[in-house]
*Asks:* 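Attaching a single structure in structure tokens format; questions to follow.
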Amino acid sequence: GEHRSETPVIVSGMSVVGFDLGFQSCYVAVARAGGIETVANEYSDRCTPSFVSFGPRNRSIGAAAKSQVVTNCKNTVQSFKQFHGRAFSDSYVQSAKSNLVYDLAQMPSGSTGIKVMYMEEERVFSIEQVTGMLLTKLKETAESALKKPVADCVISVPSYFTDAERRSVMDAAQIAGLNCLRLMNETTAVTLAYGIYKQDLPAPEEKPRIVVFVDLGHSGYQVSVCAFNKGKLKILATAFDSELGGKDFDDILVNHFCEEFGKKYKLDVKSKPRALVRLYQECEKLKKLMSANSSDLPLNIECFMNDIDVSSKLNRGQFEEMCAGLLAKVEGPLRSVMEQTKLKKEDIYAVEIVGGASRIPAIKERISKFFGKELSTTLNADEAVARGCALQCAILSPAFKVREFSITDVVPYSISLKWNSAAEEGLSDCEVFPKNHAAPFSKVLTFYRKEPFTLEAYYNSPKELPYPSATIGRFLIQNVVPQASGESAKVKVKVRVNVHGVFSVSSASLVEVLKTAEGEEPMETDQTPKEEEVCVLCVYALGTTTEDAKQEKKNDQPPQAKKPKVKTKTVELPIENNLDWQLSSEVLNMFVENEGKMIMQDKLEKERNDAKNNVEEYVYDMRDKLHGVLEKFVNEDRDTFSLKLEDTENWLYEDGEDQQKQVYIDKLAELKKMGQPIHERYMEAEERPKAFEDLGRQIQMYMKIIEAYKAKDEQYDHLDELEVTRVDKHVNDAMVWMNSKMNQQNSQDLTLDPVVKVEEIKAKTKEIYSACNPVVSKPKPKVEPPKEEKTENGPVNGQEGTENQPCNPDKAMPAGTEQETAENKLPEMDID
Ligand code: ATP
Ligand code: MG
């Protein structure tokens, strides 16, 4: 039994992110100044497939992994959400195993791992590591959208997940370096995304608005009933079927076609993982098409197996017939929530449906028929979960101001505690959280004990669990000693279902009764509970995690004020947790470290690949250009260069296929050494006309000013004659220089280096400017407003001689513009 305290909640408020960790695909939502936004990944897709693919040099995650599902099927992992918190020997895992094309393996702890070839080695990764990898990808997506590091987040899980499954997802988050502020039930996230924007909810004292939410995803079917009032939502009940989801419809289609192709083409599809994966892809496409179309639809796969092309067809009617058994299961959870809440169908204000598979017409029909009303689809069916999680994260984050909204979830399965009881000579037992009890929630229990004791928490109605073990964990309350009098000591134990929906014995304390003020025998005023009896002392709901801590303090203070005669002292007792399938801290730390190494490896591999791609791109680019824009600028070196490019291309497919990053960098440098001079000649020729033009314009302008000066123009009569003569000479020299360079260049062969570089021309332009500008733009001496004496020069020119003012070639923008732009870029403020 190892003690692992819960992850501390660091409210750093740095990032506000919600992750919908779906069975088939994930979504990332962030809070920004504009509000909540679902963000796209590097493929500009808001949906990131829940796939991880392992290669000889790196991992690919998300869309890049999904694209390898056929080519690298044994090492491309999907549908792994179902293995969280499960033993390898779990019958569910064993039966799922036969439908997978990748291998599962047992972890040393007995939990489920996946076996793949990675870095040319056989490796077994725990489920937490694989989900950690997926979360790493989602985290990067959020980081590139927010342009800052991401740690704080809210992650979704199905409402029917048990403690072991939830703890496993929490560990995955930690492996990815995420600080999960709350594991949020998927349907609860949806209720928040629905309710927080509603302006017309009933006032707190009025009858709440009851809405049913249905999420039909790839792996499961979840229903929840929620009561809304202004500023709050309360989940009343949940129900589910974890064997009714999009994938179950896919399975039926796949089995149907396996059978058909077995007969028609004598193919044993299930013996060929690649073929099976392709059939799954095609069946899913067909399923989606059938949602929109009721006519016959074709299914064709070329070169399916043994070089055989297969083809078939199906229509919606036939499909619904095949799925009759599945469709019959739609009603169960609906009936269940109605029974649990004792609500009547008239009480339901709306039925909102989300999840990809909620688009299947036969499902919609059944739900709609059950409630006798049209279904609402006001939420984004794919993104509502992620958006709800981001909203919850914003509520928890001090960096964001969000409308007050209180969220009360439920305990999905009733939880009992049992312990050894000396009085009853055996086990005592007590239900601490009945099903649908509000969560998060804490309760304080009192025990009278002389020695350390163990509490075992378990789900007391195992039939409801989609999970084989009812045990949650054992909690050993240590360091319990009798009172000085030899009697049993009073031990207060706080149990709770925390924000993640996870049960824990969060603290225990020994209450020592000290001497009373009058020296009397200490006396408890309440009827002292019998030895071994458990009694609920105080009960309070937890708001946010931070409030939680505050309230605990308040409630744990001994009630001295009420009973001045009794002085008590509270001693915190250590608790040893023994939780099913909990990773030890050493193992978890090792996973965190390994994830870091793998991220680094992926990064190095990416850089290596980029270096290789740069060589390849240069080869193709140059080859094109040699026959295009560069043609005029290549001399006899063309053939050597062409040959070199061709050699390099071949090399890339042979020896150069798999080299170190530096090899590619060197190769590129080698090519550039030949290509650069040609490219430079081309660039020079491109830019030269403009450079000459600028210089010419400048020369002309100064010439005009000198002419005007010579013609005794009033505007310039304050200029110094000697200086003007110098300017005159400068400008003339420049003109001579320019004309001669232009002439020389015009007769120069383009395949030779230019006689003058663009840089030199630009330098000449600058030089003239610095030599001439101070002279000609000298302001006219300021003349005091005429008192009596007239100025010889006549009235002062109001304008500052800007008309012919040359502009400084150094300055691209007029002054002032820069400042304005900076002001426009004020950091955006937080949303309200
Ligand atoms: P889960 O919620 O179970 O973890 P998920 O969130 O990944 O899974 P969703 O993305 O909500 O699941 O739904 C995916 C499922 O919806 C897939 O089975 C997909 O084939 C199915 N689906 C999507 N669009 C349609 C459609 N138009 N018709 C039928 N099924 C569809
Ligand atoms: Mg989902």
Side-chain angles (χ1 to χ4, degrees), residues 18-29 38 45-51 62-63 66 78-84 96 131 134-135 138 155-161 165-166 169 172 183-191 193 213-224 238 240-254 279-294 297 314 316 319-320 322-323 326-327 330 333 352-367 377 379-389 466:
F19 296 116
D20 172 3
L21 196 57
F23 188 98
Q24 186 187 46
S25 42
C26 302
Y27 291 85
V28 179
T38 318
D45 196 346
R46 295 203 291 257
C47 163
T48 296
S50 307
F51 284 67
K66 190 177 179 182
Q78 56 168 314
S79 310
F80 45 85
K81 182 173 169 178
Q82 54 188 334
F83 303 127
H84 276 286
T131 296
L134 181 58
L135 284 169
L138 302 179
I155 300 173
S156 72
V157 288
S159 58
Y160 54 81
F161 258 24
E165 293 170 290
R166 285 167 195 266
V169 174
L183 268 193
M184 194 171 201
N185 289 332
E186 287 163 5
T187 40
T188 308
V190 176
T191 60
F213 292 87
V214 177
D215 179 353
L216 198 70
H218 193 55
S219 68
Y221 174 48
Q222 301 175 66
V223 182
S224 82
T238 61
F240 65 91
D241 188 333
S242 57
E243 274 153 31
L244 174 54
K247 77 173 166 51
D248 300 288
F249 290 90
D250 296 348
D251 285 342
I252 286 179
L253 287 174
V254 165
L279 184 58
Y280 263 102
Q281 287 182 336
E282 294 306 317
C283 285
E284 196 194 356
K285 274 188 217 156
L286 178 65
K287 175 187 70 175
K288 290 182 182 172
L289 284 174
M290 285 190 293
S291 293
N293 208 317
S294 60
L297 294 167
L314 200 71
R316 192 196 286 170
F319 177 54
E320 288 177 2
M322 281 178 212
C323 300
L326 266 186
L327 292 169
V330 170
E352 283 282 340
I353 55 165
V354 296
S358 70
R359 298 184 178 103
I360 298 176
I363 302 243
K364 286 198 280 197
E365 271 163 36
R366 274 169 178 73
I367 301 172
T377 48
L379 293 164
N380 181 316
D382 299 312
E383 300 170 11
V385 173
R387 299 177 69 88
C389 289

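Just so you know, residue 1 is the first one in the sequence shown, and it goes up from there. Indexing begins at 1, ligand by ligand and atom by atom, following the structure's order.
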*Asks:* Relative to the heavy atoms of G220, which atoms of ligand 1 are at a distance of less than 4.0 Å?
*Replies:*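 Those atoms are 3 (O).
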*Asks:* Using modelled atom types and a 3.5 Å cut-off, is there a donor and acceptor pairing between side-chain atoms of N380 and backbone atoms of E383?
*Replies:*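 It does hold such a pair.
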*Asks:* What residue and atom, counting heavy atoms only, is the protein's closest point to atom 18 (O) of ligand 1, and at what distance?
*Replies:*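 The closest one turns out to be H218 ND1, 2.5 Å.
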*Asks:* Whether R46 and D20 form a salt bridge (side-chain N of Lys/Arg under 4.0 Å from carboxylate O of Asp/Glu) is what I want to check.
*Replies:*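 Answer for the salt bridge query: no.
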*Asks:* Just distances here: any N/O of L216 and N/O of ligand 1 closer than 3.5 Å?
*Replies:*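 It does not: no N or O of L216 is found under 3.5 Å from an N or O of ligand 1.
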*Asks:* What do we get for K81 next to ligand 1 when only non-hydrogen atoms under 4.0 Å count, side chain, backbone, both or neither?
*Replies:*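 K81 to ligand 1: side-chain contact only, backbone stays beyond 4.0 Å.
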*Asks:* What part of E284, side chain, backbone, both or neither, has a heavy atom within less than 4.0 angstrom of ligand 1?
*Replies:*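 Side chain only.
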*Asks:* List every atom of ligand 1 that sits less than 4.0 Å from any heavy atom of I360, numbering the atoms from 1 in the order shown and giving each element.
*Replies:*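 It comes down to these atoms of ligand 1: 29 (C), 30 (N).
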*Asks:* Once you round to the nearest 0.5 Å, how far does CD1 of I363 lie from CG of L216?
*Replies:*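 So the gap between those two atoms works out to 4.5 Å.
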*Asks:* Could you tell me which atoms of ligand 1, counted from 1 in the order shown, lie closer than 4.0 angstrom to a heavy atom of G246?
*Replies:*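 Under 4.0 Å from G246, ligand 1 has these atoms: 18 (O).
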*Asks:* If you round to the nearest 0.5 Å, how far is CD of E243 from OH of Y221?
*Replies:*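 Between Y221 OH and E243 CD, I get 14.5 Å after rounding to 0.5 Å.
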*Asks:* Would you mind listing which atoms of ligand 1 come within a distance below 4.0 Å of any non-hydrogen atom of R359?
*Replies:*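 Every atom of ligand 1 under 4.0 Å from some heavy atom of R359: 23 (C), 24 (N), 26 (C), 27 (N), 28 (N).
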*Asks:* Counting heavy atoms only, which of C47, S219, G356, C283 is nearest atom 11 (O) of ligand 1?
*Replies:*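 Considering heavy atoms of C47, S219, G356, C283, the nearest to atom 11 (O) of ligand 1 sits in G356.
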*Asks:* We want to know whether Q82 and E165 form a side-chain donor-acceptor pair, criterion being a heavy-atom distance below 3.5 angstrom.
*Replies:*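 No donor-acceptor contact under 3.5 Å links the two side chains.
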*Asks:* Using heavy-atom distances only, which candidate in S50, G245, S291, G22 approaches atom 29 (C) of ligand 1 most closely?
*Replies:*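 Minimum heavy-atom distance to atom 29 (C) of ligand 1 goes to S291.
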*Asks:* Quick check: does G217 get an N/O under 3.5 Å from an N/O on ligand 1?
*Replies:*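 For ligand 1, there is no N or O atom that lies under 3.5 Å from one belonging to G217.
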*Asks:* In ligand 1, which numbered atoms sit nearer than 4.0 Å to a non-hydrogen atom of G355?
*Replies:*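 Listed by number with element, the hits are 11 (O).
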*Asks:* So is there a nitrogen or oxygen of A357 less than 3.5 Å from a nitrogen or oxygen in ligand 1?
*Replies:*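 In this structure, A357 places an N or O atom under 3.5 Å from an N or O of ligand 1.
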*Asks:* For ligand 1, is there an N or O atom under 3.5 Å from any N or O atom of D20?
*Replies:*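 So ligand 1 has no N or O lying under 3.5 Å from an N or O of D20.
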*Asks:* Between D250 and ligand 1, does any nitrogen or oxygen pair lie at a separation below 3.5 Å?
*Replies:*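 Checking ligand 1 against D250, no N or O pair falls under 3.5 Å apart.
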*Asks:* In Å and rounded to the nearest 0.5 Å, what is the OG to NZ distance from S50 to K81?
*Replies:*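 That separation rounds to 7.5 Å.
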*Asks:* Drop me the distance from T187's OG1 to F213's CZ, to the nearest 0.5 angstrom.
*Replies:*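 These two atoms lie 9.0 Å from each other.
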*Asks:* Please check whether Q24 reaches ligand 1 - meaning an N/O of the residue sits under 3.5 Å from an N/O of the ligand, judged on distance alone.
*Replies:*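 The answer is yes, given that Q24 and ligand 1 share an N or O pair closer than 3.5 Å.
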*Asks:* Determine whether a donor-acceptor pair (N or O, by modelled atom type, separation under 3.5 Å) exists between the side chain of R359 and the backbone of S291.
*Replies:*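 Pair absent, no side-chain N/O of R359 close to backbone of S291.
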*Asks:* Could you measure the distance from the CE atom of M290 to the NZ atom of K285? Nearest 0.5 Å is fine.
*Replies:*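 It comes to 14.0 Å.
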*Asks:* What distance do F23 atom CZ and S242 atom OG have between them, rounded to the nearest 0.5 Å?
*Replies:*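 Result: 10.5 Å between the selected atoms.
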*Asks:* Hey, does the side chain of K287 reach the backbone of K247 with a donor-acceptor pair shorter than 3.5 angstrom?
*Replies:*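 Flag not set: sc K287 to bb K247 has no pair under 3.5 Å.
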*Asks:* At a non-hydrogen distance cut-off of under 4.0 Å, which region of S25 contacts ligand 1 (side chain, backbone, both, or neither)?
*Replies:*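 For S25, backbone and side-chain atoms both sit under 4.0 Å from ligand 1.
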*Asks:* Give the atoms of ligand 1, by number and element, whose distance to some non-hydrogen atom of K287 is under 4.0 Å.
*Replies:*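 So the answer, numbered in order with elements, is 17 (C), 18 (O), 19 (C), 20 (O), 21 (C), 30 (N).
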